[in-house]
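Notes for the one structure printed next.
Every chain is numbered from 1 and lettered A, B, ... according to where its sequence line falls, protein lines coming before strand lines. The analysis underlying the following values was restricted to heavy atoms, covering all of them including side chains, and did not include hydrogens, waters or symmetry mates.
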2 protein chains.
Amino acid sequence: MTKAPSRRGDALSQEKIVEAAIAILDKDGESALTFRTLAKHLATGSGAIYWHIADKTALLAAATDHIMARALTGAGATDPHATIRAMALKIFDTINAHPWLGAQLSGEPWQPAAMRIFERMGHQLHAPGVPEEAQFNAASALSNYILGLAGQYAAAARRLPRGTDRVAFLDNIAAQWMKLDPAAYPFMRRMAVQLPAHDDRVQFLAGIDLILIGIEAAKQT
Amino acid sequence: MTKAPSRRGDALSQEKIVEAAIAILDKDGESALTFRTLAKHLATGSGAIYWHIADKTALLAAATDHIMARALTGAGATDPHATIRAMALKIFDTINAHPWLGAQLSGEPWQPAAMRIFERMGHQLHAPGVPEEAQFNAASALSNYILGLAGQYAAAARRLPRGTDRVAFLDNIAAQWMKLDPAAYPFMRRMAVQLPAHDDRVQFLAGIDLILIGIEAAKQT
DNA sequence: ACCTGAACACCGTTCAAGT
DNA sequence: ACCTGAACACCGTTCAAGT
């Protein structure tokens, strides 16, 4: 937490390590982030990194938090539901820009980045009439849903070779769905038709809206 | 897909490898599953396993599918929503019994096990009045939510050392939440009071219900 | 206090060699 | 066709040694 001031501007620091890690992750994906390559990028020895950061888990958590903290600042609308929708979309876009974030968020829900999401969602749900338990449940539902999407996205990014055409990619998946056993997978075969034209972002938001509608309806009871 | 019939009952097979893998995963967790330990359990060489299964990813997927296929058979109630709730709880309980499933489901949503969940959810949503797009969105929302929970659970299992008392564990987390900065985390600090007494399973089902209510309400529009 | 880089203890995967 | 197990190419992490 405390930072010793360093004389030389080119000295190693948590900040610099995290930024280099993000650069590698963004460019070549999660599997490319190695203490050896990271050390090379920073022109230092691999052991030096351990003086500034505990281990790889901490490094990934710091990188995730570094980006999510920026993504979640501001973005406040007037009414709570609009704010929740705006935040959800912001998270979606951020994961889209940094696909490796998906695995981090869904796989380590107790790191600060995920906690921030939970807090912000819950904060918007804090209305006079709503019992605490309902708030807890609603915030959990929204977080689970968003973190679930994060996982899906991470998997998609892993699957999608860099630079592949998105439309071709979806066509490909739709074709695979069509090859499924009609008796066992009627629903997915029906949805395969819609898949290539569907918009992930819109569908994601539709899910948020379902939950928000549910929250609203539950209040009336 | 095709299996060559083997003479000797003690011969290696996909089935036997998968079952041994599940035994290791259940007993000692994901990090304990190694081709070396697996080979030792099966009294064979580590290379032999590759004759029956492509790689570790395929092994984990096969193990996940092996358990989820059993978990999802039957379990049909009369009306769709009751069936969805029953399925969701069944999935919850299965992940609870095999925590390593969580990481698999949330991290690899295109493996057969996750597709099965999506299919079954969608199948229940297939009602005359509902447009295809709404069905797609609803099934996605439910799947995302369930897979999101799976990730949370996997993380919890990783965090919870084997044999730790559950109540003490939740107390511990609540205490950590209370240590958060009151200005930045008011919601989580408020929820910390509820955390030790709260029931994961009930809360999970409450989220499913929010989505189901949302789906129902959206139909009326 | 901070950095170096060889060394350690692992991995998943391959493959020549066996039966 | 199936199995063996040494070997390969990696990892994250540690630590004596430097400055």
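Near-neighbour residues of DNA chain D inside residues 102-111 of chain B, defined by a heavy atom below 4.0 Å, are absent.
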Could you summarise the pairing of DNA chain C as dot-bracket text, marking Watson-Crick and G-U pairs under 3.5 Å with ( ) or [ ] inside the strand and | across strands? ||.|||||...|||||.||

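Judged by distance alone, the side chain of A:T37 and the main-chain N or O of A:A32 form a donor-acceptor pair under 3.5 Å. Without hydrogens or angle criteria, A:S143 side chain to A:S140 main chain gives no donor-acceptor distance under 3.5 Å.
Counting heavy atoms from C-beta on, the side chains of B:I24 and B:T34 never come closer than 4.5 Å. Contact check for B:M121 versus B:T83: no side-chain heavy atoms found under the 4.5 Å cut-off. With contacts defined as side-chain heavy-atom distances shorter than 4.5 Å, the pair A:R70/A:T94 does not qualify.
Summarising the geometry of B:A139 relative to B:L125, their closest heavy-atom pair is N-CD2, 3.6 Å, with the distance given to 0.1 Å. When all heavy atoms of A:E119 and B:M188 are compared, the pair lying nearest together is OE1-N, 2.8 Å.
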Pair A:E19-A:H66, side chain to side chain contact (heavy atoms under 4.5 Å, CB included): steps then yes or no: CA-CA 9 Å; A:E19 272 160 9; A:H66 188 261; 4.0 Å; yes

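One can place NE2 of A:H52 at 18 Å from P of D:dG12, the figure rounded to the nearest angstrom. Summarising the geometry, the separation between CD1 on A:I49 and P on D:dG12 is reported as 10 Å, rounded to the nearest angstrom. The separation between B:I24 atom CD1 and C:dG12 atom P is 11 Å, rounded to whole Å. Rounded to whole angstrom, the span from the CD atom of B:E30 across to the P atom of C:dC11 amounts to 13 Å. The interatomic distance linking B:L38 (CG) with D:dC3 (P) rounds to 13 Å, in whole Å. The CD1-C1' distance, from B:I53 to D:dC2, rounds to 16 Å in whole Å. At whole-Å resolution of the value, NZ in A:K40 and P in C:dC3 are 19 Å apart.
Closest to the A:W51 side chain, of the nucleotides C:dC11, C:dC2, D:dG12, is C:dC2.
B:F136 and A:W177 have perpendicular rings, their planes meeting at more than 60° on a 0 to 90° scale where under 30° would count as parallel. Relative orientation of the A:F92 and A:Y153 rings is perpendicular, given thresholds of 30° and 60° on the angle between their planes.
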Sequence-aligned protein contact record of nucleotides 13-19 of chain D, with B where the base is within under 4.0 Å of a protein heavy atom and S where only the sugar-phosphate is: BBB----

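A side-chain donor-acceptor contact under 3.5 Å links B:N144 and A:Q152.
Backbone-only contact: B:L33 has heavy atoms under 4.0 Å from sugar-phosphate atoms and none from a base.
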